[in-house]
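Atoms within a ligand are numbered from 1 in the order they appear, just like the ligands themselves. Everything numeric here is computed off the predicted structure, so don't read it as measured data. Side-chain atoms are counted along with the backbone in the values below, which use heavy atoms only and exclude waters and symmetry mates.
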Amino acid sequence: MSENKNILQDTHGRDHTYLRISLTERCNLRCTYCMPANGVPLSPKSHLMTYEEIYKIAKTFVDNGVTKIRLTGGEPLVRKDIPVILEKLASLPVELSITSNAVIIDKFIDILKKYNVNKINVSLDSLDESKFKHITRRHDFKKVYNNILLLVKEGFTVKVNVVLIKGFNDNEIIDFIKFTKDLPVVIRFIEFMPFDGNKWDMSKMISYAEVMTYVNNAFAEDKIERLQDAPNDTSKNYKIKNYKGSFAIISSVTNPFCDSCNRLRLTANGQLKNCLFSSGESDLLTTLRAGKSIEPVIQKAVLAKLKVRGGMDTLKKLQEPKLHNNNRSMITIGG
Ligand code: SAM
Ligand code: SF4
């Protein structure tokens with residue numbers, strides 16, 4: 001612990017016990033809402049954290065109270081040294097989980113089990129093969145679909161992330177919910193969020209309220225169960241009676257959950273982001289490489305965290321491109 005006791009508590013009383021680490025800026029898909037059409041300039045390899053640096057930075061967070069680490073990217077599984085990263089992080093007293101597009105996850109079943117990575121979030125924005133190709137600019141629908149079934153069969157806890165975009169996949173909301181009839185997965189509908197280069201505008205977003213209108217039109221009231229949300233949960237959880245799985249809505253845009261936020265994000269090039277929506281970053285990697293303690297830098301970043309959505313506390317502010325266009329593309333933040 002540092003001298004100033006809880007370096008992960010901010011000025012709004014929020015304790016940050018959850019760290020999301022992006023392992024790479026690279027990806028084997030090209031989702032249109034995540035990556036600008038002409039790609040992103042990649043950091044030179046020497047600017048990215050090595051596995052030893054990831055471990056050292058993660059350990060500092062765990063020593064200061066982090067209890068959950070989620071690995072993300074880009075696509076975390078395309079990083080060649082993922083086995084050693086998992087091995088090192090699994091030695092820390094922390095719950096380890098991963099967010100993946102699942103294109104190649106079948107090759108990692110044993111290793112994920114070996115290091116107790118039981119909670120897997122998978123992205124799948126359409127159940128229609130041609131629409132999947134349109135949104136990801138790649139042909140991997142069958143691999144992803146079959147790998148979701150495989151993960152469930154192998155006993156992993158699987159959540160499927162669906163970014164909803166008006167006119168693209170809102171007509172699949174009910175199909176996705178019906179997918180949970182026999183499959184024990186959580187479908188998480190995510191409101192489309194603005195990031196650098198993703199051509200966001202409010203009219204493309206399907207809100208929490210709109211999702212619920214689809215649900216209420218498709219199912220009788222007594223069939224729709226509101227589930228208890230876990231503490232710090234970013235989603236509102238529901239279930240259709242007698243279905244094996246459930247569904248949830250992540251409403252970062254229309255109904256932000258900033259009051260209970262316990263998350264910090266570390267980018268693949270070692271920058272700490274105190275909020276998904278904040279364009280400010282704190283350089284942990286340079287500090288570490290200079291042989292200095294990263295704790296004061298972490299504390300300063302945490303204390304600078306604003307109350308709501310990196311300062312975009314109203315929908316009006318969120319719609320001002322100049323406020324969110326300085327932020328990175330999602331692919332280089334890690335979701
Ligand atoms: N490649 C992995 C994957 O796709 O799951 C991990 C990284 S990805 C950046 C993490 C999550 O961010 C995915 O579920 C993705 O759908 C979500 N995401 C990316 N861009 C988004 C946006 N503009 N709005 C909402 N969610 C977004
Ligand atoms: Fe890759 Fe995930 Fe972004 Fe899609 S959402 S481009 S899979 S990082």
Side-chain angles (χ1 to χ4, degrees), residues 20-40 42 69-79 82 97-105 108 117 119-126 131-141 143-144 147-148 151 158-166 168-169 176 185-202 204-208 211 234-235 248-257 263 265-268 273 276-277 309 312 318 321 324-325 327-335:
R20 299 172 70 100
I21 306 179
S22 172
L23 299 183
T24 176
E25 298 166 351
R26 294 177 184 275
C27 190
N28 42 2
L29 298 182
R30 294 281 180 280
C31 303
T32 53
Y33 53 75
C34 177
M35 256 181 139
N38 44 0
V40 287
L42 295 173
I69 292 180
R70 177 168 290 276
L71 303 178
T72 175
E75 173 49 36
L77 297 178
V78 301
R79 193 161 155 155
I82 182 81
S97 54
I98 195 162
T99 299
S100 166
N101 60 33
V103 174
I104 54 171
I105 208 164
F108 295 89
V117 185
K119 295 185 177 170
I120 319 268
N121 289 1
V122 174
S123 300
L124 176 65
D125 301 310
S126 178
K131 278 161 78 175
F132 176 94
K133 194 202 150 227
H134 177 80
I135 199 89
T136 63
R137 305 177 178 119
R138 292 290 182 273
H139 290 275
D140 293 311
F141 174 79
K143 286 186 201 159
V144 175
N147 280 341
I148 290 175
L151 287 168
V158 180
K159 293 183 179 170
V160 178
N161 290 341
V162 182
V163 176
L164 288 176
I165 302 175
K166 194 164 274 176
F168 172 69
N169 58 358
F176 269 111
V185 297
V186 184
I187 298 289
R188 303 198 311 169
F189 298 113
I190 304 180
E191 288 180 349
F192 181 33
M193 294 182 283
F195 294 98
D196 187 25
N198 78 355
K199 300 202 175 79
W200 184 85
D201 80 69
M202 192 79 179
K204 290 187 190 157
M205 193 203 67
I206 298 285
S207 67
Y208 174 26
V211 174
T234 54
S235 52
I249 298 125
I250 302 188
S251 53
S252 337
V253 176
T254 61
N255 209 338
F257 27 78
R263 290 146 190 250
R265 292 177 157 81
L266 182 63
T267 65
K273 284 181 76 75
L276 186 56
F277 288 97
R309 254 184 338 224
M312 290 180 280
L318 202 62
H324 54 75
N325 276 359
N327 197 358
R328 292 163 172 249
S329 306
M330 187 65 132
I331 187 139
T332 62
I333 304 176

**Message:** Given 3.5 Å as the limit, does a donor-acceptor pair link the side chain of Arg70 with the main chain of Ile98, or not?
**Reply:** yes

**Message:** Would Asn161 count as being in polar contact with ligand 1, using the rule that some N or O on each side must be under 3.5 angstrom apart?
**Reply:** yes

**Prompt:** Within a reach of under 6.0 Å around NZ of Lys143, are more than 12 heavy atoms found that belong to other residues, nucleotides or ligands?
**Reply:** no

**Prompt:** Which ligand 1 atoms, with their elements, are less than 4.0 angstrom from a heavy-atom of Thr72?
**Reply:** 6 (C), 7 (C)

**Prompt:** Is the closest side-chain heavy-atom distance between Val185 and Val122 below 4.5 Å?
**Reply:** no

**Asn147 side chain vs Ala102 backbone, donor-acceptor pair below 3.5 Å** = yes

**Request:** Determine whether any heavy atom of Gly74 lies closer than 4.0 Å to an atom of ligand 1.
**Result:** yes

**Asked** So does Arg263 have more than 12 non-hydrogen atoms from other groups sitting under 6.0 Å from CZ?
**Response** yes

**Prompt:** Does Met205 offer a backbone N or O that forms a donor-acceptor pair with the side chain of Glu191 under 3.5 Å?
**Reply:** no

**Message:** Any non-hydrogen side-chain atom of Leu124 less than 4.5 Å from a side-chain atom of Phe141?
**Reply:** yes

**Item:** Total protein N, O or S atoms, atom 1 (Fe) of ligand 2, separation less than 2.8 Å
**Value:** 1

**Fill in**
Counting from 1 in the order shown, the ligand 1 atoms closer than 4.0 Å to a non-hydrogen atom of Ile190 are 25 (C), 26 (N)

**Message:** Using a 4.0 Å cut-off to any heavy atom of Glu191, which atoms of ligand 1 qualify?
**Reply:** 25 (C)

**Prompt:** Which of the listed options, Ser123, Cys31, Pro76, holds the heavy atom that is closest to atom 3 (C) of ligand 1?
**Reply:** Ser123

**Request:** Could you tell me whether Asp125 and ligand 1 have an N or O pair separated by under 3.5 Å?
**Result:** no

**Message:** If you measure every N or O of Glu75 against every N or O of ligand 1, does any of those distances drop under 3.5 Å?
**Reply:** yes

**Asked** What part of Ser100, side chain from CB on, backbone N/CA/C/O, both or neither, has a heavy atom under 4.0 Å from ligand 1?
**Response** backbone

**Item:** Enumerated ligand 1 atoms positioned under 4.0 Å from heavy atoms of Asn101
**Value:** 2 (C), 3 (C), 5 (O)

**Asked** So does Lys166 have more than 12 non-hydrogen atoms from other groups sitting under 6.0 Å from NZ?
**Response** yes

**Prompt:** Got Ile206 and Phe189 here, is their nearest side-chain heavy-atom distance under 4.5 Å?
**Reply:** no

**Request:** Counting heavy atoms only, name the option from Arg188, Met193, Arg70 that's nearest to atom 25 (C) of ligand 1.
**Result:** Met193

**Request:** Return yes or no for this condition: an N or O of Cys34 is under 3.5 Å from an N or O of ligand 1.
**Result:** no

**For Gly73, the ligand 1 atoms whose distance to one of its heavy atoms is below 4.0 Å** = 7 (C), 9 (C)

**Prompt:** Which atoms of ligand 1 sit under 4.0 Å from any heavy atom of Val163?
**Reply:** 16 (O), 25 (C), 26 (N), 27 (C)

**Message:** Please report whether ligand 1 has a polar contact with Tyr33, defined as an N or O pair separated by less than 3.5 Å (distance criterion only).
**Reply:** yes

**Message:** Under the criterion side chain to side chain donor-acceptor pair (under 3.5 Å), I'd like the reasoning laid out for Ser100 against Glu75: C-alpha separation, chi angles, the key distance, then a yes or no.
**Reply:** CA-CA 6 Å; Ser100 166; Glu75 173 49 36; 2.8 Å; yes

**Asked** Under the salt bridge (charged side-chain N to carboxylate O under 4.0 Å, His left out) test, which residues partner Lys133, sequence neighbours left out?
**Response** none

**Message:** Between Tyr33 and Ile135, is there a side-chain heavy-atom distance shorter than 4.5 Å?
**Reply:** yes

**Item:** Donor-acceptor under 3.5 Å (Asn169 side chain, Val163 main chain)
**Value:** yes

